[in-house]
Protein chains: 2
Amino acid sequence: YANATIPSYRLFITAAHADKPSKKEVKESPTNAADATYPTKEQLAQLVERHQVLGVSMPVRSEFIRDSPLKSDDLEAIDIKVYHRKPVTISDHIAFRTVKFLRFFADAFFRKRYVHRAIVLETVAGVPGMVAGMFCHMRSLRRMQNDSGWIEKLLHEAENERMHLMIWMNVTNPTYFERILVTLVQGVFFNIYSFFYLFFPRTAHRMVGYLEEEAIVSYNSFAEQIRNGNIKNDAAPQIAISYYNLDKNARLLDVVYAVRADEAAHRDTNHHFADRIDAHNENLSEKFK
Amino acid sequence: YANATIPSYRLFITAAHADKPSKKEVKESPTNAADATYPTKEQLAQLVERHQVLGVSMPVRSEFIRDSPLKSDDLEAIDIKVYHRKPVTISDHIAFRTVKFLRFFADAFFRKRYVHRAIVLETVAGVPGMVAGMFCHMRSLRRMQNDSGWIEKLLHEAENERMHLMIWMNVTNPTYFERILVTLVQGVFFNIYSFFYLFFPRTAHRMVGYLEEEAIVSYNSFAEQIRNGNIKNDAAPQIAISYYNLDKNARLLDVVYAVRADEAAHRDTNHHFADRIDAHNENLSEKFK
Ligand SMILES: [Fe+2]
Ligand SMILES: [Fe+2]
Ligand SMILES: [Fe+2]
Ligand SMILES: [Fe+2]
């Protein structure tokens, strides 16, 4: 991981911004600007294109970042450290019971339709990271204090879950009913989770930790169905191959292992964030004690 | 810009995840996991640390990404293409008038206290990108469609504005009254902007375009006050030096030029986004016509 020592401001590259300005142009204030400097919509589009954002849609786990593509063996070897965090406090129990309660409905609704289950649940999984990242961002602005790394982790998680959704969308299409369901569930879940995060961020992170534990269980069953031959082990969609740096002949089972590894990383992060709040030790640049 | 050709999945590096798992550990479902795999809080913290997010807090403009630090000449040479986009439609006029109306209060309140002005207004500037990015993310989840690059640009803008705030916080301290003002203004602005973005995204982006035009005017006046000697040209804060890759002897004036260049990039992006919505040509991976 030689690259890990590159200072972070070297990693995020924007496209070249070519011409030099005349001094006059730089000094003038916009409302007095000469008509000559007024760009057409097409010129403006070109200006914007020069500031392309690269460096996003990166995998969360370091295992996917290496020179050679990952083979099935590499994916099975990723250490997802399966564990269950036993609930201790009342907040833990509320989080755990809520997740188990929700799982009951998901199991009843989807049964063995694992790809459909993945699609619908990933549309939900993309919400908590974005909501939490947004609140941390707003708090940083409001208190005028830096946030010590929460925002970037949370938004990265949200983006990662959205990528899971895009991947499963390339495997099957949701039914019309599922599309409506997703819209309704987002409307409810976004608001409930926002309320929760504002007032009980500790419980909110613990809940996501437990949701991710359950996500691992579901992806384990999904994998088992593929290994049993009940679900066809089709070719992996191209988006998954490029996102996870997979071998070009990768199959669906490889994708399931890759996604499951991400869920394990989210589980760790969210349980840890709850622990951090517990311990009043929220600055990620300080060692957790 | 040799780096610009590196595939994006090479740019975002997470720390190494060391050990290999036993097969047993991988296959087991969490609720049956053996006690041996149950991590302590400290072990969990270590797990999470291995997935550090690098590659964020990157500058928006490519000019800051190069091997040698930027000197004052380099900063003055950045082409910010000063222009004023004349309002055309009613939506444009509403956006423009709203911004001019808000500017009136800002001018009356801050007069020549440019650093304080920057602090207070950057806490506001960090809101639109985050709100818009969040809505685009939620829409992508809800419609189960990829978003063609809006989310990353918008969140990058929000992060960039937050960095501006962190930089000015290292130059001076806001007054107690300003701190209260910031909290109140965020409460109002966040809600109004969210409402606006949901129903009139085109006008919302146009408004930000005009806000950024005005930000350039303000930073021009700020720069002029430094050049006149009315504001002391102190040493640049360390956070600005590392964020913008500035010379280690950089001064406050250099920082003003760097921040102003960012505002120009936001102005271009937001006017362009409004143009894109206008033209029903919202897919950023398609050429703007
Ligand atoms: Fe997921
Ligand atoms: Fe997840
Ligand atoms: Fe700014
Ligand atoms: Fe800005």
Side-chain angles (χ1 to χ4, degrees), chain A residues 1 3-4 8-9 11-17 19-21 25 28-31 33 37-39 41 44-45 47-48 51 53-56 58 62-63 65 77 79 82-84 123 126 130 134 137 141-142 144 146 152-153 156 166 169 183 186 213 216-217 220 265 268-269 271-272 275 288, chain B residues 1 3-4 8-9 11-17 19-21 25 28-31 33 37-39 41 44-45 47-48 51 53-56 58 62-63 65 77 79 82-84 123 126 130 134 137 141-142 144 146 152-153 156 166 169 183 186 213 216-217 220 265 268-269 271-272 275 288:
Chain A
Y1 296 87
N3 279 334
S8 58
Y9 54 84
L11 296 173
F12 210 112
I13 312 294
T14 53
H17 193 75
D19 344 39
K20 298 240 165 183
E25 229 179 18
E28 262 173 342
S29 87
T31 34
T37 62
Y38 184 82
K41 288 183 181 185
L44 188 57
L47 270 181
V48 173
H51 290 288
V53 184
L54 301 181
V56 290
M58 293 304 99
S62 50
E63 287 90 340
I65 299 164
D79 183 4
V82 175
Y83 64 83
H84 166 57
T123 71
M130 180 54 69
M134 190 256 289
H137 178 84
L141 295 175
R142 209 165 54 232
M144 310 189 231
N146 216 335
E152 61 192 39
K153 284 233 183 208
H156 198 192
M166 295 306 134
M169 288 298 292
T183 302
Q186 187 183 98
E213 289 186 9
I216 293 170
V217 177
N220 275 340
D268 298 341
T269 305
H271 277 321
H272 177 58
D275 291 343
F288 181 68
Chain B
Y1 295 89
N3 278 335
S8 58
Y9 55 81
L11 295 173
F12 207 112
I13 312 292
T14 54
H17 192 75
D19 344 38
K20 300 238 164 184
E25 231 180 15
E28 261 173 342
S29 88
T31 35
T37 63
Y38 183 80
K41 287 182 181 183
L44 188 56
L47 270 181
V48 173
H51 291 287
V53 184
L54 300 181
V56 290
M58 294 301 98
S62 51
E63 286 91 340
I65 298 164
D79 183 3
V82 175
Y83 65 83
H84 167 56
T123 70
M130 180 54 67
M134 191 256 290
H137 178 84
L141 294 176
R142 209 165 52 233
M144 309 187 232
N146 217 335
E152 63 192 37
K153 284 232 184 210
H156 198 191
M166 295 306 134
M169 287 298 292
T183 302
Q186 188 184 95
E213 289 186 10
I216 292 170
V217 177
N220 275 339
D268 298 341
T269 304
H271 277 321
H272 176 57
D275 290 344
F288 182 69

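Just so it is clear: chains get the letters A, B, ... in the order the sequence lines come, proteins before strands, and each one is counted from 1. Please read all numbers here as calculations on a predicted model, not as lab measurements.
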Undergrad: For M144(A), which atoms come within 4.5 Å of any heavy atom of chain B: side chain, backbone, both, or neither?
TA: both

Undergrad: With a 4.5 angstrom heavy-atom cut-off, could you sort out which part of M134(A) is near chain B: side chain, backbone, both or neither?
TA: both

Undergrad: Over all heavy atoms of both residues, which pair between G126(B) and H137(A) is shortest? Give the atoms and the distance, please.
TA: O-NE2, 2.9 Å

Undergrad: For T123(A) and R142(B): C-alpha separation, side-chain torsions, deciding distance, then whether side chain to side chain contact (heavy atoms under 4.5 Å, CB included) applies.
TA: CA-CA 7 Å; T123(A) 71; R142(B) 209 165 52 233; over 6 Å; no

Undergrad: Side chain, backbone, both or neither: which part of N146(B) has a non-hydrogen atom closer than 4.5 Å to chain A?
TA: both

